[in-house]
Amino acid sequence: MCPSSLSKQAAALDAAFDQALAEQRLVGAVVIVSRHGEIVYCRAGGYADREAGLAMREDAVFRLASITKPIVSAAAMRLVEKGTITLDEPITRWLPGFRPRLQDGSSPEITIAHLLTHSSGLSYRLSEFEGSDYHRLNVSDGMEQPGLSLAENLERIGSTTLRFRPGKGWRYSLALDVLGGVLEKATGHALSELVREHVTEPLEMFETGFSVRDPSRLVTPYVNRSDGPERMQDGTIVTLPTMTLSFWPSWIFGANSYESGGRRNGRHRR
């Protein structure tokens with residue numbers, strides 16, 4: 001259970017939380033404040049599912065997105081420490097068919113370091129213009145196309161044109177999804193097993209994973225619209241200043257949906 005507090009700071013947090021809910025800037029949330037390793041404020045408010053009238057719970061399950069990247073990166077660095085992989089090795093050692101080319105037709109080496117630092121020359125479909133090779137090849141950003149396998153998406157990504165020579169630029173990309181494929185091939189274990197062994201269990205994040213153990217605790221996702229939050233459905237389009245995203249909430253329930261190194265399928269609060 002969350003601890004209660006009557007401090008001045010807690011009252012200010014309560015007021016800000018209440019205002020955000022009243023103004024419909026939030027449908028629901030769990031707010032936690034930790035000080036010196038101890039939780040000093042925790043509160044659940046609003047709805048986990050507005051349409052069903054389900055109140056937010058302190059043990060609610062939230063989807064993670066790009067926060068998955070540092071978690072998978074930490075697992076990769078543990079494998080570097082163990083000598084299983086090295087940062088400067090070309091990823092074709094484990095993914096021999098993954099050879100995206102430059103505009104001139106050459107296929108430069110991509111290393112694990114390039115993947116970790118988004119300097120591989122890869123991109124995201126969500127940040128590419130309509131009609132680009134990422135759209136033409138139907139590359140998944142790890143948020144849509146439930147049931148898609150990693151092998152299939154790697155084949156699509158590997159058929160794209162690199163945006164620059166590896167190591168010569170920076171671009172936010174699907175590199176961590178590719179890294180997940182490398183880690184699986186290098187160890188013979190699923191990405192979820194590697195993350196659990198090297199990151200989540202040592203950090204006592206026992207309920208953080210790529211699948212949802214208790215769907216009844218899973219929070220419904222919403223998107224902000226001009227007239228208030230709108231419940232996300234499969235295919236919901238979210239337009240941001242520099243990109244357009246397509247969300248498929250059912251991805252998390254797809255038994256064969258690949259474990260995306262850049263988009264985690266679910267998160268249980270510790």
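Along the sequence shown, residues are numbered consecutively beginning with 1.
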Taking only residues two or more places apart in sequence or in another chain, which ones pass side-chain contact (heavy atoms from CB on, under 4.5 Å) with S216?
-> R57, D214
Gap between atom CG of L116 and atom OG of S73 - 0.5 Å precision = 5.0 Å
Grab the two heavy atoms, one from R225 and one from I237, that are nearest each other, plus how far apart they are.
-> NH2-O, 2.9 Å
Side chain of D234, backbone of S250: donor and acceptor closer than 3.5 Å?
-> yes
Heavy-atom nearest pair, V72 first then L191, reads CG1-CD1, 4.3 Å
Return yes if some donor-acceptor pair links the side-chain N/O of R63 with the main-chain N/O of P249 below 3.5 Å, else return no.
-> yes
Is it true that E81 and R78 have a side-chain N and a carboxylate O under 4.0 angstrom from each other?
-> yes
Please report the closest heavy-atom contact between A60 and V219, naming both atoms and the distance.
-> CB-CG2, 3.6 Å
Atom CZ of R99 and atom OG of S106: how far apart are they, to the nearest 0.5 Å?
-> 12.0 Å
Could you go step by step and tell me if I85 and W94 meet the side chain to side chain contact (heavy atoms under 4.5 Å, CB included) rule?
-> CA-CA 10 Å; I85 59 176; W94 300 281; 3.9 Å; yes
Nearest heavy-atom contact between T111 and D88 is CG2-O, 3.6 Å
Is the closest side-chain heavy-atom distance between L218 and I252 below 4.5 Å?
-> yes
Give a yes or no on whether the backbone of S149 and the side-chain of E152 come within a donor-acceptor separation of less than 3.5 Å.
-> no
Distance-only, no hydrogens or angles: does the E259 side chain make a donor-acceptor pair with backbone N or O of S192 under 3.5 Å?
-> yes
Between W248 and F62, is there a shared hydrophobic cluster once you connect ILVMFWY residues whose side-chain heavy atoms come closer than 4.5 Å?
-> no
Heavy atoms, side chains only, cut-off 4.5 Å: are L154 and L95 in contact?
-> yes
Greater than 12 external heavy atoms within 6.0 Å of E38's CD | no
Do L122 and L174 have side-chain heavy atoms sitting under 4.5 Å apart?
-> no
Between atom CG of L137 and atom OG1 of T160, what is the distance when rounded to the nearest 0.5 Å?
-> 7.0 Å
Heavy-atom distance under 4.5 Å between the side chains of T208 and R196, does that happen here?
-> no
Begin with the C-alpha distance, continue with both residues' side-chain angles, and end with the deciding distance and a verdict on side chain to side chain contact (heavy atoms under 4.5 Å, CB included) for L194 and T187.
-> CA-CA 9 Å; L194 297 172; T187 63; 3.5 Å; yes
Could you walk me through whether D133 and R156 pass the salt bridge (Lys or Arg N to Asp or Glu O under 4.0 Å) check?
-> CA-CA 9 Å; D133 50 350; R156 298 176 188 180; over 6 Å; no
Taking the side chain as every heavy atom from C-beta outward, state whether P108 and L102 have any atom pair closer than 4.5 Å.
-> yes
Could you check if a side-chain atom of M77 sits within less than 4.5 angstrom of a side-chain atom of L87, using non-hydrogen atoms only?
-> yes
Parallel, tilted or perpendicular: which fits the ring planes of H118 and Y172, with parallel below 30° and perpendicular above 60°?
-> tilted
CG of L179 to CG of L115, rounded to nearest 0.5 Å, is 5.5 Å
Can a salt bridge be assigned to the pair R136 and E128 using a cut-off of 4.0 Å between side-chain N and carboxylate O?
-> no
H189 side chain to E184 main-chain N or O, any donor-acceptor pair under 3.5 Å?
-> no
Do F164 and L162 belong together in a cluster built from hydrophobic side chains that touch within less than 4.5 Å?
-> no
Applying ring-ring contact (aromatic ring centres under 6.0 Å, His included), name anything that partners H198, two or more places apart in sequence or on another chain.
-> none
Pairwise distance OH(Y134) to OG(S140) - rounded to 0.5 angstrom | 12.0 Å
Test: D18 and R43 ion pair at under 4.0 Å | yes
Close side-chain approach of V33 and L13, heavy atoms under 4.5 Å | yes
Could you pull out the closest heavy-atom pair between E201 and F206, with the gap in Å?
-> O-CE2, 3.9 Å
With the 4.5 Å side-chain cut-off for hydrophobic clustering, are V27 and V30 part of the same group?
-> no
For R101 and S107, does a side-chain donor sit closer than 3.5 Å to a side-chain acceptor?
-> no
dist E89:CD -> T92:OG1 (nearest 0.5 Å) comes out at 10.0 Å
Y258 and D177: side chain to side chain contact (heavy atoms under 4.5 Å, CB included), yes or no, with the steps?
-> CA-CA 9 Å; Y258 76 87; D177 287 51; 2.6 Å; yes
Note, F98 side chain near I110 side chain (heavy atom, < 4.5 Å) = yes
Could you tell me which non-hydrogen atom of C42 sits nearest to which non-hydrogen atom of I32, and how far apart they are?
-> SG-CG1, 3.8 Å
Are S119 and H114 close enough that a side-chain donor and a side-chain acceptor fall under 3.5 Å?
-> no
Taking atom CD of E109 as the centre, report whether more than 12 heavy atoms of other residues, nucleotides or ligands fall under 6.0 Å from it.
-> no
Please tabulate, for the side chains in residues 46-54, all donor-acceptor contacts under 3.5 angstrom to protein atoms that are two or more places apart in sequence or on a different chain.
residue: D49; atom: OD1; partner: E51; partner atom: N; Å: 3.2
residue: D49; atom: OD1; partner: A52; partner atom: N; Å: 3.0
residue: D49; atom: OD1; partner: R231; partner atom: NH1; Å: 2.8
residue: D49; atom: OD2; partner: T220; partner atom: OG1; Å: 3.1
residue: D49; atom: OD2; partner: R231; partner atom: NH1; Å: 3.4
residue: D49; atom: OD2; partner: R231; partner atom: NH2; Å: 3.1
residue: R50; atom: NH1; partner: P229; partner atom: O; Å: 3.2
residue: R50; atom: NH2; partner: P229; partner atom: O; Å: 3.1
residue: E51; atom: OE1; partner: Y222; partner atom: OH; Å: 2.7
residue: E51; atom: OE1; partner: R231; partner atom: NH1; Å: 2.7

So, N138 and Q145: side-chain donor and acceptor under 3.5 Å apart, yes or no?
-> yes
Flag, side chain of E144 to backbone of D141, donor-acceptor distance under 3.5 Å = yes
Any donor-acceptor pair under 3.5 Å from S257 side chain to W251 backbone = yes
CZ/R35: more than 12 non-hydrogen atoms of other groups inside 6.0 Å | no
